[in-house]
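This report concerns only the one structure given below.
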Amino acid sequence: MTAQSGHSPHALEALMNPRSVAVIGASEDQTKFGGRLYRMLLHHGYEGTVYPINPGRDTLFGLKTHASLQALPAAPDMVVLALPRDKVKDQIAAAAERGAKGGIIITAKFSDAGPEGAAIEREIVEIARAKGMRLIGPNCLGLISAANRVVLCSSPVLERKPLPLSPIGLVSQSGALMATLFDRAWDRGIGFTHGVSVGNQADIELCDVVDYLIADPRTRVICTYIEGIKDAERFVRTARKARAAGKPWLAVKAGRTEAGSKAAFSHTASIAGSHDVLAAVCRDEGVTLLDDPNAMILLAAELARVGERPVRRIGIFTTSGGGGALAADAVSAHGLELARFTATTEAAFADWYSPGQAQNPVDVGGRKSEAKADLARATVAALLDDANTDGLLLPITTAPDVPGLCAQIADGVQGERGGKPAFVVMEPGKAGDGGRAKLVEGGVTYTDTLGEAVEALTAWATRAPAADAAQAPARPGDIPGQAPAAAATLNESDSKALLAQYGVPVGADLTAASVEQAVQHARSLGYPVVMKIVSPDVVHKSDAGGVRLDIQDDEAVAAAWRRIHDDVRKAVPQARIDGISIQNQARGKLELIVGARRDPQFGPVVVVGAGGILVELLPTPLILRAPAAPEAVKRLLQTLPVWPILAGYRGTPLAVDAVVDAIVRASWLAADLGSQDFEFDINPLIVAADRCVAVDARIRIGNTEETSA
């Protein structure tokens with residue numbers, strides 16, 4: 001037998017579409033990984049040459065066996081190993097020496113089991129690479145390629161035949177999850193071109209396979225389940241490649257929360273965890289990040305069916321007033337719009353439905369008694385023809401003749417309707433199985449939960465349009481060429497001085513070592529003033545009693561001096577007090593936090609959010625990679641909960657352009673600090689109608705010992 005010719009001129013072609021496969025550990029025993037994998041390869045009609053390796057048998061399922069790799073008549077393209085860990089290294093060495101181009105290591109307990117296993121894993125990769133052999137795994141479930149008729153996986157979900165084929169590729173760092181997603185998708189009429197479980201990514205990593213899917217003309221949409229990114233810059237390059245190729249890349253990332261993480265130095269670290277940074281990178285690079293893997297597959301199926309298009313105005317067709325109301329609530333709660341139908345659509349519905357029953361949502365139960373027999377089909381067709389409707393949500397509850405209704409829905413969706421998505425939600429239990437079968441038969445995918453459908457629709461609506469990769473912003477000519485390199489923790493005055501070098505507007509700041517000097521500084525600045533503790537050991541000054549506001553005269557300065565010292569001593573007994581800062585009291589309508597830190601994977605990032613006492617009450621942050629372009633900053637500011645205040649809700653608009661400029665300049669400081677560990681906060685940046693000013697700041701450069709309160 002000869003494997004069908006490759007369709008993708010890619011380095012992984014020999015692994016994804018091998019001409020020959022050697023199964024080490026092949027067996028007829030279906031309780032063993034090797035037995036199940038070997039049978040599945042034959043069961044699904046692999047057209048290449050199969051070499052079962054088993055020294056104890058002459059034949060397995062009618063094929064001649066071989067005692068070892070050395071005994072094969074020719075070098076195999078692919079070797080699959082389902083062996084105990086202590087036997088894997090020798091077999092990989094033998095396969096590499098024999099000339100195998102690739103291998104799949106199903107076996108676990110390598111780097112996933114600790115340092116000893118990780119050392120063995122590295123050694124195995126070195127052995128393979130020395131001979132030009134590539135490896136998938138270890139600790140994986142192999143690959144399932146319906147497009148190539150290559151099944152190198154032992155999962156029991158593979159009993160069905162043939163495997164459904166749709167232009168969707170899947171890469172997963174979990175083998176069991178990959179098989180589960182395949183199983184559920186197949187039940188709903190959704191197939192895949194290829195699926196690869198990359199396991200520990202010891203050699204071939206997720207982006208290698210995504211690159212293959214980008215090059216594969218049979219794959220139009222790419223899905224990924226990610227637990228960890230091995231190479232951040234490679235991830236960005238691959239994302240840009242997918243966008244340039246016009247192939248949507250969808251992803252679910254595990255590990256959203258970081259339980260137990262605390263901000264010892266600044267608020268920035270706590271409101272910009274690694275998942276938040278990845279989400280920002282995905283947003284900027286066109287990767288659509290979802291929470292639910294089933295919603296990801298549902299979205300992929302519709303993107304594959306109708307292609308990219310703007311989706312925001314949603315029409316709802318339902319069999320129940322209650323179901324329609326819940327769907328409308330969900331659509332609105334996720335920032336989507338309920339479509340307002342055109343006059344043509346409304347006129348048609350007026351002939352078919354009772355008054356008030358054909359608004360959005362459209363309830364088929366409100367039909368007129370004389371309405372046409374194929375009302376469901378006609379209504380769906382009319383909604384998809386409606387110029388004011390971008391996509392449909394169809395929550396189907398128990399109803400008379402659900403199979404007939406779903407057959408009509410399938411006919412309506414599959415008609416030539418301008419390529420609009422339609423998400424059918426089958427809410428009944430077993431009573432809906434007949435309808436589900438009709439949808440699959442009619443080529444229409446469905447989900448059983450409203451949440452999955454709304455998440456898919458919302459993700460579609462927020463997908464960035466295909467575009468060239470953003471160009472690096474130009475550096476402002478009035479900021480220095482580099483930031484300090486020496487490790488240090490800067491106090492507020494020094495932090496603001498460094499920010500001022502980059503053009504960030506800062507308030508006047510004079511440090512007093514005595515009450516008398518504090519009074520002199522207050523008089524020179526002019527009342528009212530603010531007084532703050534100056535200490536490297538006090539991070540959150542207000543929490544420690546280290547801030548006094550609206551001080552109006554000399555006597556109040558002296559009283560505030562004593563209170564600040566007393567309160568800080570009680571809150572942080574060990575704190576070193578270097579003095580008290582006297583500052584002008586800045587006034588404005590809004591407080592923001594502008595912070596930055598070095599993400600271990602993606603480098604310097606900037607964080608913007610509500611500042612002052614609202615920093616933890618409204619923690620939804622805006623995150624950008626540094627340096628940031630002004631147009632990107634201004635566009636993304638509009639996603640913050642505080643944007644209406646900036647834009648002038650019930651009042652005068654605030655100094656948005658000044659805020660954008662301050663953020664851009666802070667981002668250049670972050671970019672210049674980005675080669676080392678660092679962290680800084682401007683909190684708050686006070687914003688008025690005509691200006692903004694940084695009234696407090698703290699910067700840490702490099703690894704320094706911190707005591708905080």
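Side chains are part of it too, since the values below use all heavy atoms of this structure and drop only hydrogens, waters and symmetry mates.
The shortest side-chain heavy-atom distance between V608 and L636 does not fall under the 4.5 Å cut-off. P684 places a side-chain heavy atom less than 4.5 Å from the side chain of V695. With a 4.5 Å cut-off on side-chain heavy atoms, D448 and E427 do not count as touching. Between I297 and C223, some side-chain heavy-atom pair lies under the 4.5 Å cut-off. L498 has its side chain within reach of L490: a pair of non-hydrogen atoms, C-beta onward, lies under 4.5 Å apart. Using a 4.5 Å cut-off on side-chain heavy atoms (C-beta onward), L592 and V659 make contact. Using a 4.5 Å cut-off on side-chain heavy atoms (C-beta onward), I699 and F678 make no contact. Counting heavy atoms from C-beta on, the side chains of P484 and I701 come closer than 4.5 Å.
For the residue pair S174 and L177, the shortest heavy atom distance occurs at OG-N, 3.1 Å. Of all the heavy atoms in T445 and A301, the pair that sits closest is CG2-CB, 3.9 Å. Heavy atoms only, all atoms of each residue included: A339 and G315 are closest at CB-N, 4.2 Å. Nearest heavy atom pair, residue V311 against residue P421, reads CG2-CG, 3.8 Å. Summarising the geometry of N360 relative to I316, their closest heavy-atom pair is OD1-N, 2.9 Å, with the distance given to 0.1 Å. Annotation for A666 and F680: closest pair O-CZ, 3.5 Å, computed over non-hydrogen atoms.
Side-chain atoms of Q583 and E492 form a donor-acceptor pair, as typed in the model, at a separation below 3.5 Å. With 3.5 Å as the limit, one finds no donor-acceptor pair spanning the side chains of Y502 and D478. Residues R463 and T288 have side chains that bring a donor and an acceptor to within less than 3.5 angstrom of each other. Side-chain contact check for T342 and D386: at least one donor-acceptor pair (N or O, by modelled atom type) lies under 3.5 Å.
With values rounded to the nearest 0.5 angstrom, W668 atom CH2 is found 13.0 Å from L673 atom CG. Atom-to-atom distance recorded for L654:CG and D657:CG is 12.0 Å, nearest 0.5 angstrom. Here the CD-CG distance, from Q501 to L669, works out to 9.0 Å after rounding to the nearest 0.5 Å. Note: L170 CG to M296 CE = 6.0 Å, rounded to the nearest 0.5 Å. Going from atom CD1 of I222 over to atom CG of L303 covers 11.5 Å, rounded to the nearest 0.5 Å. The CG atom of D284 lies 11.0 Å from the CZ atom of F602; values are rounded to the nearest 0.5 Å.
Between R234 and D211, at least one side-chain nitrogen of the basic residue sits less than 4.0 Å from a carboxylate oxygen of the acidic one, meeting the salt-bridge criterion. Ion pairing between R597 and D599 holds under the 4.0 Å rule for side-chain N and carboxylate O. Ion pairing between a basic and an acidic side chain is recognised when a charged N comes within 4.0 Å of a carboxylate O; R313 and D390 show such pairing. Contact check on K634 versus E631 returns no salt bridge, with no Lys/Arg side-chain nitrogen under 4.0 Å from an Asp/Glu carboxylate oxygen. At a threshold of 4.0 Å, the pair R700-D681 does not count as salt-bridged, since none of the basic side-chain nitrogens sits closer than that to a carboxylate oxygen. Ion pair E285/R243 not flagged as a salt bridge, since none of the NZ, NE, NH1 or NH2 atoms sits closer than 4.0 Å to an Asp/Glu carboxylate oxygen. Under the 4.0 Å criterion applied to side-chain N and carboxylate O atoms, D550 and R587 are assigned as salt-bridge partners.
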Please assess D509 against T511 for the test side chain to side chain contact (heavy atoms under 4.5 Å, CB included), listing each intermediate value before the final yes or no.
CA-CA 7 Å; D509 183 342; T511 299; 4.2 Å; yes

Full working for side chain to side chain contact (heavy atoms under 4.5 Å, CB included) between I682 and D696
CA-CA 6 Å; I682 301 169; D696 202 347; over 6 Å; no

Would you check, one step at a time, whether the test salt bridge (Lys or Arg N to Asp or Glu O under 4.0 Å) holds for E302 with R220?
CA-CA 11 Å; E302 283 300 278; R220 295 203 296 269; over 6 Å; no

Taking it one step at a time, do L393 and L457 satisfy side chain to side chain contact (heavy atoms under 4.5 Å, CB included)?
CA-CA 9 Å; L393 180 61; L457 270 172; 4.2 Å; yes

Verdict with supporting geometry, L392 and F317, side chain to side chain contact (heavy atoms under 4.5 Å, CB included):
CA-CA 7 Å; L392 294 191; F317 172 82; 5.6 Å; no

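Side-chain N or O atoms of T318 include one that pairs as donor or acceptor with a backbone N or O of P395 at under 3.5 Å. Listed for the K253 side chain is no donor-acceptor partner under 3.5 Å among the backbone atoms of I226. Under a 3.5 Å cut-off, the side chain of S667 and the backbone N or O of A628 do form a donor-acceptor pair. With hydrogens and angles ignored, the 3.5 Å screen pairs a side-chain donor or acceptor of N584 with a backbone N or O of L525.
Partners of D231 according to the side chain to side chain donor-acceptor pair (under 3.5 Å) rule, which considers only residues two or more places apart in sequence or in another chain, do not exist here. Applying the side chain to side chain donor-acceptor pair (under 3.5 Å) test to D494 and every residue at least two apart in sequence or in another chain returns nothing.
No more than 12 heavy atoms of other residues, nucleotides or ligands shown are found within 6.0 angstrom of NZ on K589. Dense packing is recorded around CZ of R475, with more than 12 heavy atoms of other residues, nucleotides or ligands lying under 6.0 Å away.
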